[in-house]
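What follows is a single structure, written as structure tokens, with notes after it.
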Amino acid sequence: MEHAKLLSIYTYLPWAIAAIIGAGIFMAQAGRSLHIRRLPAIDAIEEAVGRATEMGRPILFVPGLAGVDVPTFQAVAIAGHIARLAAAYRTRVLMPLSHPVIFTMAEQVLKEAYASAGAPDVFRPEDVRFLSDQQFAFASGVVGLMNRERIATAFFFGNFAAEALILAETGQTLGAIQIAGTPSTLQIPFFIAACDFTVIGEEYYAVTAYLTREPILLGSVWGQDLSRISLAVLVFVASLTYQMMPAGLKALFSFY
Amino acid sequence: MIFVIGALTAGIIVLILLQTLAPVYRRRLTALVTFIVGLYWPLEFFYPEHNFLTPWRDSVAELGRILVAFTFGLGGVNLFLIHGRHIIRRTPNLLFSIVFFLGFFAMATAGMMKDFGQNWLEARPGPGQQGFWEASFNILFKGALLPLASTVFSLLAFFIASAAFRAFRARTLEAGLLMATSFLVMMANVPAGPWLTSFLPDEGILRWGRWENIVHWLMTQINTPAMRAILFGVWVGTIGAALRIWLSLERAFVSGP
């Protein structure tokens, strides 16, 4: 494995981004009001939970196929917030999983979510279940679960691959209201085609902040937005400057 | 050896503390362990070249793999509990649970006996021959599991058609643009598309009228920048989310009832 290089900009960029995000968190904690733009897909989450309650059917939450990584952790955090909403209406959340580490974490998060919403009796341990770590065995297991339980609402948040459309189309066939969010750019078109609402790109990491309005999370999202704008400006200015530089000077900047 | 004993002792102490401490201190301990473990990788990577943390890299990675292996056991226990309950209570899903147990034990037996039981129950196979257990494993894995996985994968073709049908209904300007672009890209990937414009020259301004060139422009000048812009946002978001998880600021993981 390589190490960071002292003279490379890439060594310092992550720390600069982390510092901007940290500043956002600090400002939010200090009481400064921060604004996040409206996200219709996340606004629809409560409506989707309410629909499952009205129909008396369970909700499905699939946190993707990946194991221990940031998008899956984010998906489990979103599942916790959705479970709190569902617990308020005494509705079950089914959560099939493909990775045993995420299984243990998800079980704890959902159990605590139901307990914190005052409905620990609604949580059934068998609702959080490990199916298989094989992609298509997992997909067929989830499809079977969706059909047997006649789910009313499906949430797909996390890293997905080819199974994304199989799951979303099954939900479509069942008439379920579906909300998806993924950082996997290749799966975004499939979710847009098959789901009612789709969260794309950086919006995926803003879901928990948007749902809870916690200052720390809002500050973090504000910092992410500022970092992205700063990076875009840096890329634009650096590209333009590099193009206009004389050839001799370009060589100086060619190390990275 | 010292590393293994040290890690085992530290693990046992942390487990005992997690079981005995009050929820507030349990959360603090979890946050502290997360922070210390999470600190290793960035420090090791961002400290230039080979450093004092580098010799521990393989051991720390190994520790992670061992912890994951433990949780696979928990996954198996969960499956046994859920399907065992279906069988005991004779629920409508009983048949699926019986198939699960049959499949689980058949695969586990064939897999283990293939490697460890060859001298126990079967004669040693001759050159080019398969023993009983190896043949059983191949039938179950290559003859059943892989074709079943391929079957599920093949369903995607039908699902793509139904999703495309809905997506391409030109009810709005965006959907109309999507449909037109999809038509261009699809046609460029079959011989008919390039053939239709093959009368246009390869050089000069008219070459941009050739089907494959239109699609190449769409894919490299429109599609790729859009995908990169989305990825750009995703990766900045990933740094933010990683920071929140590392510092235990994401309350979903640390808050109690």
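All chains are named by letter (A, B, ...) in the order of the sequence lines, taking the proteins before the strands, and each is independently numbered beginning at 1.
Contact check for B/Leu249 versus A/Glu214: no side-chain heavy atoms found under the 4.5 Å cut-off. Counting heavy atoms from C-beta outward, A/Gln224 and B/Ile239 have side chains that stay 4.5 Å or more apart. The side-chain heavy atoms of B/Arg244 and A/Leu217, taken from C-beta on, include a pair separated by under 4.5 Å. At least one side-chain heavy atom of B/Phe96 sits under 4.5 Å from a side-chain heavy atom of A/Arg148. Two residues are said to be in side-chain contact when any heavy atoms from C-beta on lie closer than 4.5 Å; A/Trp15 and B/Phe46 meet this criterion. Put simply, the side chain of A/Phe130 does not reach to within 4.5 Å of the side chain of B/Ile82, judged on heavy atoms. Under the 4.5 Å side-chain criterion, counting only non-hydrogen atoms from C-beta, B/His83 is not in contact with A/Glu126.
Taking each heavy atom of A/Arg228 and B/Gly233 in turn, the nearest pair found is CD-CA, 3.3 Å. Residues A/Ile166 and B/Leu156 come closest through the heavy atom pair CG1-CD1, 3.6 Å. In plain terms, the two heavy atoms of B/Val234 and A/Gly201 that are nearest each other are CG2-CA, 3.5 Å.
More than 12 non-hydrogen atoms from other residues, nucleotides or ligands lie less than 6.0 angstrom from CE of B/Met107. Other residues, nucleotides and ligands contribute over 12 non-hydrogen atoms within 6.0 Å of the OH atom of B/Tyr40. In the displayed structure, A/Phe26 atom CZ is contacted under 6.0 Å by at most 12 heavy atoms of other residues, nucleotides or ligands.
With a threshold of 4.5 angstrom between heavy atoms, A/Ala162 approaches chain B through its backbone and through its side chain. With a 4.5 Å cut-off on non-hydrogen atoms, A/Tyr12 does not touch chain B at all. Residue B/Ser150: no heavy atom, backbone or side chain, is found under 4.5 Å from chain A. B/Leu148 does not touch chain A: none of its heavy atoms, backbone or side chain, sits under 4.5 Å away. For chain B, the nearby part of A/Asp133 is the side chain; its heavy atoms alone come within less than 4.5 Å. With a 4.5 angstrom heavy-atom cutoff, A/Gln135 does not touch chain B via any of its atoms. Looking at A/Phe103, the atoms closer than 4.5 Å to chain B (heavy atoms on both sides) all sit in the side chain, from C-beta outward. Both the backbone and the side chain of A/Thr185 have a heavy atom closer than 4.5 Å to some heavy atom of chain B. With a 4.5 Å cut-off on non-hydrogen atoms, A/Ile25 touches chain B through its side chain but not through its backbone.
Once rounded to the nearest 0.5 Å, the distance linking CG of B/Leu231 with OG of A/Ser184 reads 9.5 Å. Here the straight-line distance linking atom CD of A/Glu169 with atom CD1 of B/Ile160 works out to 9.5 Å at 0.5 Å rounding. Here the straight-line distance linking atom CD1 of B/Ile230 with atom CD of A/Glu203 works out to 9.5 Å at 0.5 Å rounding. The line from CG of A/Leu13 to CH2 of B/Trp235 is 15.0 Å long, rounded to the nearest 0.5 Å.
Scanning for side chain to side chain donor-acceptor pair (under 3.5 Å) contacts around B/Asn78 gives an empty result, with sequence neighbours left out.
Of all the listed residues (A/Gln108, A/Lys111, A/Gln134, A/Arg129), the one sharing the greatest number of non-hydrogen pairs under 4.5 Å with chain B is A/Arg129. Interface check for chain A: of the options B/Thr151, B/Leu243, B/Thr238, the most heavy-atom pairs under 4.5 Å are formed by B/Thr238. Interface summary for chain A: among B/Ala163, B/Ala242, B/Ala164, B/Gly73, the most heavy-atom pairs under 4.5 angstrom belong to B/Ala163. For chain B, the option among A/Leu231, A/Val235, A/Val68 with the highest count of heavy-atom pairs below 4.5 Å is A/Leu231.
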Check against side-chain contact (heavy atoms from CB on, under 4.5 Å), A/His3 and B/Asn51: CA-CA 9 Å; A/His3 284 92; B/Asn51 56 65; 3.8 Å; yes

Criterion side-chain contact (heavy atoms from CB on, under 4.5 Å) on B/Val152 and A/Glu163, from CA distance to verdict: CA-CA 9 Å; B/Val152 177; A/Glu163 77 289 348; over 6 Å; no

side-chain contact (heavy atoms from CB on, under 4.5 Å) evaluation trace for A/His99 with B/Val68: CA-CA 9 Å; A/His99 199 280; B/Val68 170; 4.0 Å; yes

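The aromatic rings of B/Phe153 and A/Phe136 sit tilted relative to each other, their planes meeting at an angle between 30° and 60°.
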